[in-house]
Structure formats: C-alpha cells, structure tokens
Amino acid sequence: MYRTHHCNELRKSDIGRTAMLAGWVHVRRDHGGVIFIDLRDREGLTQVVFRPEENADLATQAHHLRHEDVIEVEGKVSARVPGTENAKLPTGDIELVPNQLRILNRADVLPFPLDAEGTNEDLRLSYRYFDLRRPQMTRNLRLRHKVTKATRDFLDEKGFLEIETPILSKSTPEGARDFLVPSRLIKGKFYALPQAPQQYKQLLMVGGIEKYFQIAKCFRDEDLRADRQPEFTQIDIEASFVVPDDIFLLTEGLLAAVFRASRNVEIPTPFPRLTYAQAMDEFGSDKPDRRFGMHLTDLADTFRSSSFKMFRGALDAGGAVKAINAKNFASLTIGQSDELTAMAKQYGAKGLAFIKVESGEWKSPIVKFFSEAETEALRSKLHVEEGDLILFAADKWEVVCEVLGRIRCRIAEMQQLTVGSDQLDFLWVTDFPLMAFSAEENKWNAVHHPFTRPKDEDIAKLEAQEFREVRAQAYDVVLNGVELGGGSIRIHEPDLQAKIFAALGVSEEDQQAMFGHMLRAFRLGAPPHGGIALGLDRIVMLICGEESIREVMAFPKNNRGIDLMSHSPSDVDQRQLRDLGIKLTGEQPPSAN
RNA sequence: GGAGUCUUAGCUCAAUUGGUUAGAGCGCCGCCCUGUCACGGCGGAGGUUGCGGGUUCGAGCCCCGUAGACUCCGCCA
C-alpha cells in the first residue's frame with residue numbers, strides 16, 4: 001500500500017489520525033531547520049512538515065528532496081500552528097507530520113518549470129508525459145472524460161448502442177487524402193484508415209441496429225491547423241426512421257447534457273436555425289459567429305441606379321453590394337487597414353472601399369460619388385454614427401459575402417469583441433447545397449459526402465441537372481463561429497444513389513468497384529436513416545477555453561504531423577518493407593528527423 | 001505549394017544607432033536560515049545568440065541562404 005488518502009482529502013476533522021500519502025514533491029521550502037514539502041497528486045496539495053527535533057534522520061533526508069521526486073510519507077495529521085493556516089488550500093488547515101519517508105523515485109533537473117505558462121510548445125510536446133502534470137492539462141483531460149462520459153450516458157439513455165467499426169478499412173476516392181496501410185497477406189493492396197465511419201454506420205442501419213453511436217477515431221492525411229490533427233475523435237451518431245428534426249432534438253439534448261456535465265451550465269434549446277443562404281447573406285460564413293454584430297447589409301436597393309460605377313457595375317452584372325459597420329473602429333491603424341485590404345484581395349475582391357466617420361465627417365475617397373439620397377440611405381441602413389468604420393464590397397454575391405464575412409471576423413479579433421466572453425451561441429445551419437462545382441477538376445463534388453440526401457422538393461432539379469440549385473438535407477451545428485459537427489439524412493434508395501454518383505462523375509464501373517456493397521445493401525431493405533458527427537476535440541477545446549485542440553489531446557502531433565516525443569513517423573526496418581512488398585523510391589532523404 | 005511571425009543560458013525574456021567581457025528573473029550547485037506556503041539571505045556554475053555565408057575596423061542587431069516552431073491560405077467528401 002502506498003497511500004490511505006489523496007492529497008486533497010485530509011481536513012480538520014482528520015486531525016490526530018495516521019495517514020499515508022504518495023505523490024510528487026511540488027515545492028520544497030527548506031528553512032535549514034524545519035522543512036516544508038507541498039506534496040502533489042492529481043487531486044491537489046498537502047503540506048508535509050519535517051522537524052529535525054522530532055526526527056533528525058527524516059529531516060536530513062527531506063533536505064535532499066528535489067522538485068518532482070516521487071515520495072511516500074506516513075505520519076500524523078496535525079493542526080497547523082495557529083495563525084499559519086493557508087486559506088488558499090483546501091487542505092490548508094492541516095499538515096502531515098511524517099514518521100516515515102520513502103523516496104520512490106528521484107527526478108532529474110526539470111526540462112521546464114511546471115508552474116509557468118508560455119513554455120515553447122515543441123518542448124512541451126517533446127516531454128508530453130511531463131507536461132501533462134500541469135494542472136491545466138490534467139483539468140483538460142478530466143473535462144474531456146466528463147464529456148465522453150456524459151455522451152455515453154445520454155445516448156445510452158436514448159437507446160443508442162455503442163458499436164465499434166473497423167480501423168483497417170477501405171480507401172475511397174472522395175474526400176480527404178487517406179492514410180494507407182499496406183496489406184502483407186495480399187501484397188500490393190492497401191487498407192485505408194477511416195476518415196469517418198460513414199459507410200459502416202449506414203450499413204449498421206441496414207443491419208437493423210436503428211440507433212448507433214461511437215466515440216470514433218478518424219484519420220485524414222491533410223495539412224494540420226490549430227483545430228485539425230491527422231487523427232481526431234468524432235462523436236458519431238446514426239439513426240433509422242429519422243427526419244432532420246429528430247437529429248436536431250437529439251443533438252441539442254446531447255450538447256445540453258455535455259455542457260451541464262462539464263461546465264455546469266444550462267444551454268438554451270432548441271438552437272436557432274439559419275439556412276446556408278441566410279448565413280452567407282447575413283454573416284458571410286456558413287459557421288457564423290453571432291456574438292458580435294457587424295451584419296452584412298445589402299445595399300442593392302440603394303445603389304441600383306447609382307452613378308458610382310464600381311457599385312452600379314457590380315449590380316448590373318448580377319452581383320451584390322454589401323457593407324458592414326465596424327462600430328468604433330474608425331481609429332484603425334494604417335497597418336490594420338492594409339491587412340484588411342490584403343485580405344479582401346486574397347478572397348477575390350478587387351479592393352476594399354471604406355468610410356471613416358470622424359469629427360462628424362465621412363472620410364473616404366468614394367463619398368464624393370454618392371448622391372444625397374444614397375448617403376442618407378447608408379446612414380439609416382447601417383446606423384452610421386461618429387467613430388464608425390463602414391466597409392464595402394461590390395462583386396459577385398459569393399465573393400462579397402466571403403470577403404465581408406472574413407473581414408467581419410478579423411475586425412472582431414482586432415477589436416477583441418469576444419475576449420472574456422462566456423456567451424455560448426449555438427445554432428444550426430441547414431439547407432446546404434448538395435454539390436459544388438470544382439473549377440480545378442472541372443466537375444461537381446459533393447459538399448457533404450456522396451450519400452447525402454437531396455431535399456425532396458429539389459430532386460426534380462437534380463434530374464434536370466441544375467446541380468447548383470439542389471439543396472441537401474444536410475446541417476451543421478455551430479458554436480461561437482466554430483463548426484462543432486455536421487450531418488445529413490442519407491440516401492437509402494439504390495436508384496437515387498446511382499443518380500448522385502452519376503452527377504458526381506463516378507462511372508457505373510467505379511460505382512460497383514468502390515461502392516458496390518453500399519448499392520447492394522440499399523437493395524436489401526435499407527431503412528430511411530440519417531445522423532450527425534460532432535468533433536469531440538473541438539467541443540472539449542471550447543469547453544476548456546483553449547485555442548488549440550492539441551491542448552485537449554493527451555499526445556498530439558505538431559504542425560507537420562510529427563510526434564516530437566516518440567519521433568513518429570520514423571524509418572522502418574528493410575525487412576518490414578520486404579514483408580509488405582514495398583520498395584522506397586529514394587526520392588526522400590532517409591530520415592526526416 | 002504559398003504568406004506571415006518567431007528562434008539569445010535548462011525555462012521565460014532583455015541587450016539604445018552596428019561598439020568594451022551578451023544581462024535579468026526563475027531553475028540548477030554550494031553555504032546559511034526552525035512556521036513557510038512564489039519562504040528568505042550570501043556565493044557560484046551555466047552562452048558556437050538555430051545553422052551556413054556575406055557586408056563592416058567591429059554583427060545578437062544589417063543582407064543572402066538554410067533549418068525548425070507557430071498562425072493563416074490552399075487542402076480538410
């Protein structure tokens with residue numbers, strides 16, 4: 001036995017009893033005579049006091065304790081000397097006076113201090129096992145556990161079965177780049193790690209499971225970001241005989257349970273809903289952050305017959321003119337305005353027109369082109385006041401929305417509009433387009449995935465090949481401008497599925513080779529079904545108030561997909577390659593480390 | 001593939017216009033210290049300023065290249 005209590009357990013009421021504690025030496029305060037040790041385990045701190053007059057041997061040993069040594073102490077729980085209680089610690093009324101000390105393991109000099117913020121992330125990742133001792137990390141992993149537990153409890157309660165699906169699965173052409181696993185038994189063939197258990201969960205519905213969920217690891221071989229890792233976790237859900245409202249209700253209940261369990265907050269349900277078209281039109285984003293205003297204001301009516309060519313021209317060409325009002329941002333710096341202009345160009349605008357409202361004056365090179373009526377319309381539509389910055393975009397509708405949407409978010413960052421906010425703004429974005437045209441590949445691609453069901457009323461448009469007009473029964477759930485997850489009602493009829501594949505340019509031969517099992521399954525009585533997948537890492541990130549999902553994963557990879565601790569990916573033995581029938585081309589240097 | 005920011009002691013950072021021996025706090029080592037809780041005091045060790053090249057009488061600082069980290073774009077059904 002190493003301990004009878006943890007380090008956040010002993011209280012006044014325990015005074016006089018004998019206790020054993022084990023943990024790490026958090027801090028040593030050595031007064032030459034009396035020595036204080038703050039002993040830490042994952043639950044908290046307990047002060048341990050060594051007094052030379054009571055036990056000289058122990059005091060001598062304690063004198064040599066260092067940061068992060070692992071020790072076990074046994075002794076008497078005592079009241080602290082009156083006046084020396086520490087109100088900051090839950091255990092601050094007591095201290096342990098040991099009659100035994102066992103040093104279980106010594107620690108080297110630390111690679112970085114555990115109590116400091118701001119250590120280089122690559123150093124932290126190199127010593128992740130050490131970094132995890134920081135209370136912040138322990139807290140994050142605990143919250144993650146609470147989220148997964150609440151998820152399991154909630155979905156179990158609703159009758160969902162947790163079912164595992166294969167990690168060694170099949171490569172599909174659509175979507176993200178696959179991680180491939182070579183087959184040894186069938187040389188020259190490859191498994192793929194699942195980008196999502198999409199097909200399996202649909203086949204479980206065909207299998208009559210009706211209600212499935214999984215805390216599923218997913219793998220995508222794409223470039224990394226603060227909120228994107230090559231392997232990540234989804235709360236994957238699928239149900240039979242459902243319509244979107246069933247999924248909305250379920251997801252809202254699930255997220256409410258998760259936020260209740262982890263943050264002890266009640267989130268209001270149902271969530272507001274916006275169509276994709278509304279979201280783009282008003283916020284210039286399919287995952288709008290509505291915690292701040294700056295709505296995109298349509299100015300087509302104002303400038304339809306304007307003499308200002310830039311705006312009039314865009315409207316005559318069937319495009320749009322919109323503006324946002326950045327309140328109290330007329331004082332932006334030259335650098336900030338340059339950045340915003342560069343951003344506008346990056347997203348396809350020719351430029352960015354703006355008006356600063358300062359000293360009662362509209363300062364802008366374009367104001368002189370406006371008629372009095374136009375100026376008045378701007379003033380009332382955009383609620384223009386002293387100190388405002390009005391930014392305009394005039395172009396194709398998509399470009400105008402995208403540009404102003406991006407600028408809107410960047411300005412919110414510059415003005416720190418959401419800093420310190422504990423607002424939780426959930427919403428649904430619905431009615432996504434089913435397909436998007438890729439100029440690069442000169443073909444139509446599925447926006448969500450190829451199994452997504454079109455809206456019933458749009459199926460005629462699908463058959464008429466008006467792909468741009470076809471909306472999907474697909475939906476995303478968004479929190480504070482972050483896409484938490486998305487899903488759809490699926491296609492369960494082989495004929496409709498074949499039509500979609502055809503529209504996506506998948507030949508019948510390829511359909512059979514790649515999706516034959518799905519099409520066959522749909523012929524054996526597939527029930528109507530649909531579901532959703534939620535990004536667990538992102539949910540936990542938001543719950544923890546972190547800005548990177550790496551902070552809520554125990555062992556994440558860095559920006560280039562390298563595990564700095566274990567040094568993967570790594571070279572492998574020639575024999576392993578031979579077993580797999582793989583020969584390296586030698587195009588890459590032998591070691592990337 | 002592209003853009004930006006960064007890289008100085010174990011950690012976090014400083015170093016005026018290019019100017020003497022590159023400093024501080026924390027940590028580490030030694031000594032002192034019996035009620036601290038970020039204990040305190042005295043002393044000490046610790047640096048190829050990421051790496052390579054250039055300009056200069058002289059480079060942590062300027063220029064070129066390169067490596068790495070992070071953020072973003074592309075990409076992510």
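Each chain gets a letter, A, B and so on, in the order the sequences are listed, and its residues count up from 1.
Note on A/R560: a side-chain N or O is less than 4.0 Å away from OP1 or OP2 of B/A69. Put simply, A/R51 has no side-chain N or O that comes within less than 4.0 Å of OP1 or OP2 on B/G35. Remark: A/R66 is in phosphate contact with B/C29, judged by side-chain N or O atoms under 4.0 Å from OP1 or OP2. OP1 or OP2 of B/U71 lies within a sub-4.0 Å distance of a side-chain N or O belonging to A/R550.
Stacking is found between A/F36 and the pyrimidine-like six-membered ring of the B/U36 base under the 5.5 Å centre-distance and 30° plane-angle cut-offs. Per the stacking criterion (ring centres < 5.5 Å, plane angle < 30°), A/H31 does not stack onto the base of B/C33.
A side-chain N or O of A/H449 and one of A/R490 form a donor-acceptor pair less than 3.5 Å apart.
Where A/H67 and A/V49 meet RNA chain B, the nucleotide closest to each residue was compared, and A/H67 sits on the side nearer the 5' end. Residue order along RNA chain B, read from the 5' end via each residue's closest nucleotide, puts A/G32 first among A/G32 and A/R228.
B/U21 is unpaired under the criterion used here, namely a Watson-Crick or G-U wobble arrangement in which both key atom distances are under 3.5 Å.
In the displayed structure, A/R42 atom CZ is contacted under 6.0 Å by at most 12 heavy atoms of other residues, nucleotides or ligands.
A side chain to side chain donor-acceptor pair (under 3.5 Å) with A/T165 holds for exactly one of A/Q198, A/Q214, A/K201; it is A/Q214.
Within the 4.0 angstrom heavy-atom criterion, no nucleotide atom of any strand lies near A/E413.
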